[in-house]
Amino acid sequence: MIDRKRLYEWCSVPAEELKKRKDLKVKLRVVKDSAEMGEVMARDLVEEIKAANRENRECRAIIPCGPKSWYKPFTRMINEEDVSMKNFIGLHMDECLDWQGRLLPENDPQNFRAFMEANFYGPVRKELRTPEGQRFYPRPDNLEKMHALAMEKQPDITLGGWGQDGHVAYNQARREPYSQITLDELRNSRIRIQNNNWDTIIAMSQRSFGGAYQFVAPMSITYGLQECFSSKKIRIFSDTGAWKQTALRVLLLGDQDAEYPFTLLHDHPDVIATATEEVCRHPISENPDWVFRGINE
């Protein structure tokens, strides 16, 4: 459990000071806005694919459905720079499910496979496009296969966003009162089917459905941290403002804590967190006159 006094200290650091600090637990890369972040995220993956092509080898990547700002820049770079994706192995990190753990209809806006086919693979020129047999999506019936694909040969890169509780893919803070987990259990978590946390559902409803939580998928399949963090490089991104600001402070300044799963990235040798200027801000740092009982009275 995060200590509130320490959390207050982390949230009190002004954004400009945060960007300059030398004691950050993870390297921070700051971009102006969502558009710039999309360009940076796209470039990170394009350069990995180019490097693999030069060496005539596969590029294995664990990739997300979101943030959404990187798809158009990515396909533009691939097409304009004639980058072949024939050696690309796409390991898709998560998928949404209905309340019975079933895949969503193809035209549901939360069907990650349909979105990625339309926005990540589809716009790439046919002669450059990844063969369908090299696109791997999690389903309720292929968990062991997806695990093996991530672990049998080390992926080159994992890209993803982070959630309000520091979740990568759907590795949320576990809020089940009768089955708490340790840091080691979280670290070794594998691909699984699970219920989505209430706070995750509310956050997603606010971002995508005007607060209509009734339309947010209640369950998900997710690669565990074991698979997500197995890659040689980890690049995480956020351009969604206030609901990511506190988690970023915990990642950069805090200790490893199961309440914020991505703090386990402190152990990884090659991690960069990319955040927009807005995500680097925090209202507590901008309102030093605020008083919280038991914190700064």
Side-chain angles (χ1 to χ4, degrees), residues 33-35 37-38 41 62-72 92-120 137-140 158-176 186 189 191-225 227-228 235-251 258-263 273-276 278-279 281-283:
D33 54 21
S34 180
M37 193 200 77
M41 188 171 179
I62 297 176
I63 51 178
C65 185
K68 294 183 178 180
S69 63
W70 74 292
Y71 298 111
K72 288 184 179 179
H92 295 267
M93 62 170 51
D94 49 12
E95 184 58 272
C96 292
L97 303 173
D98 71 10
W99 72 276
Q100 297 186 89
R102 300 176 302 193
L103 293 169
L104 301 177
E106 187 171 344
N107 59 350
D108 189 297
Q110 298 160 103
N111 185 310
F112 290 174
R113 176 173 184 157
F115 182 92
M116 295 300 284
E117 288 293 316
N119 294 279
F120 182 76
Y137 296 93
R139 304 188 312 268
T158 293
L159 296 99
W162 70 81
Q164 77 289 345
D165 61 351
H167 64 257
V168 176
Y170 271 102
N171 289 283
Q172 308 156 100
R174 187 160 179 82
R175 307 204 191 283
E176 297 291 338
L186 179 61
S189 59
I191 189 169
R192 62 196 179 276
I193 296 173
Q194 63 181 10
N195 291 316
N196 293 334
N197 287 347
W198 293 0
D199 53 317
T200 297
I201 291 172
I202 293 297
M204 294 179 69
S205 76
Q206 184 274 333
R207 186 177 67 176
S208 300
F209 299 109
Y213 59 84
Q214 298 90 339
F215 299 111
V216 177
M219 298 183 69
S220 57
I221 309 174
T222 184
Y223 260 156
L225 294 189
E227 293 104 352
C228 286
R235 301 291 183 263
I236 58 173
F237 302 82
S238 181
D239 60 353
T240 44
W243 73 303
K244 306 296 184 66
Q245 292 170 343
T246 296
L248 177 63
R249 303 304 181 98
V250 175
L251 173 69
E259 191 175 356
Y260 288 87
F262 72 164
T263 55
T274 301
T276 60
E278 183 183 9
V279 174
R281 297 175 57 189
H282 201 287

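For clarity, every value in this text was computed on a predicted model and none was experimentally measured. Only heavy atoms go into these numbers, but all of them, side chains included; no hydrogens, no water, no symmetry mates.
Note: Asn196 CG to Ile202 CD1 = 12.0 Å, rounded to the nearest 0.5 Å. In this structure, the separation between CZ on Phe112 and CG on Leu97 is 10.0 Å, given to the nearest 0.5 Å. Once rounded to the nearest 0.5 Å, the distance linking CD1 of Ile201 with CZ of Phe215 reads 13.5 Å. Of the inter-residue distances, the one linking Arg175 atom CZ with Glu259 atom CD reads 6.5 Å to the nearest 0.5 angstrom. Here CG of Leu248 is found 8.0 Å from CD1 of Ile236. Values are rounded to the nearest 0.5 Å. Note that OH of Tyr223 is 9.5 Å distant from CE of Met93, once rounded to the nearest 0.5 Å.
A donor-acceptor pair is defined here as one N or O able to donate and one able to accept, closer than 3.5 Å; such a pair exists between the side chain of Glu227 and the backbone of Ile191. Checking side-chain atoms of Asn119 against main-chain N and O of Tyr71 turns up no donor-acceptor pair under 3.5 Å. A donor-acceptor pair under 3.5 Å links the side-chain atoms of Lys244 to the main chain of Trp162, judged by distance alone. For the pair Asn111 (side chain) and Pro105 (backbone), a donor-acceptor distance under 3.5 Å is present. The backbone N or O of Leu225 lies less than 3.5 Å from a partner atom in the side chain of Ser189, making a donor-acceptor pair. Counting only distance, with no hydrogens or angles, the side chain of Gln172 and the backbone of Asn197 share a donor-acceptor pair below 3.5 Å. Using a distance-only test at 3.5 Å, with no hydrogens or angles considered, no donor-acceptor pair links the side chain of Gln206 to the main chain of Tyr213.
Under the 30°/60° scheme for interplanar angles, the aromatic rings of Trp70 and Phe120 are found to be tilted.
What you find for Ala169 and Thr222 is that their closest heavy atoms are CB-OG1, 3.1 Å. Heavy-atom minimum distance, Cys65 versus Met116: CA-SD, 3.9 Å. Nearest heavy-atom pair across Gly160 and Pro64 is CA-CG, 3.7 Å. Shortest non-hydrogen contact noted between Tyr260 and Ala247 is CE2-CA, 3.9 Å. Residue Pro261 comes nearest to Ala173 through the heavy atom pair CG-N, 3.7 Å, listed as atom of the first residue, atom of the second, then distance.
Within a 6.0 Å sphere centred on CZ of Arg249, heavy atoms belonging to other residues, nucleotides or ligands number more than 12.
Looking at Ser220 and Asp94, their side chains never bring a donor and an acceptor atom within 3.5 Å of each other.
Contacts of Arg174 classified as side-chain hydrogen bond (donor to acceptor under 3.5 Å, both in side chains), with partners at least two apart in sequence or in another chain: Ser179. A search for side-chain contact (heavy atoms from CB on, under 4.5 Å) contacts involving Gln214 returns Ala212, not counting sequence neighbours.
The shortest side-chain heavy-atom distance between Arg235 and Thr158 does not fall under the 4.5 Å cut-off. For the pair Tyr170 and Gln194, the minimum side-chain heavy-atom distance is below 4.5 Å. Between Asp108 and Asp98, the closest side-chain pair of non-hydrogen atoms is not below 4.5 Å. Within the 4.5 Å cutoff, the side chain of Leu103 has heavy atoms near those of the Pro140 side chain. At a threshold of 4.5 Å between non-hydrogen side-chain atoms, the residues Met41 and Leu159 count as touching. Between Ser34 and Glu278 there is no side-chain heavy-atom pair separated by less than 4.5 Å. Between Gln164 and Thr240 the shortest side-chain heavy-atom distance does not fall below 4.5 Å. Annotation: side chain of Val279 is not in contact with side chain of Asp239 (no heavy-atom distance under 4.5 Å).
Within the structure, every pair that satisfies the salt bridge (charged side-chain N to carboxylate O under 4.0 Å, His left out) test and touches residues 110-120, not counting sequence neighbours, is listed here: Glu117-Arg135.
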Item checked: Worked check of side-chain contact (heavy atoms from CB on, under 4.5 Å) between Arg281 and Gln245 -> CA-CA 7 Å; Arg281 297 175 57 189; Gln245 292 170 343; 4.1 Å; yes
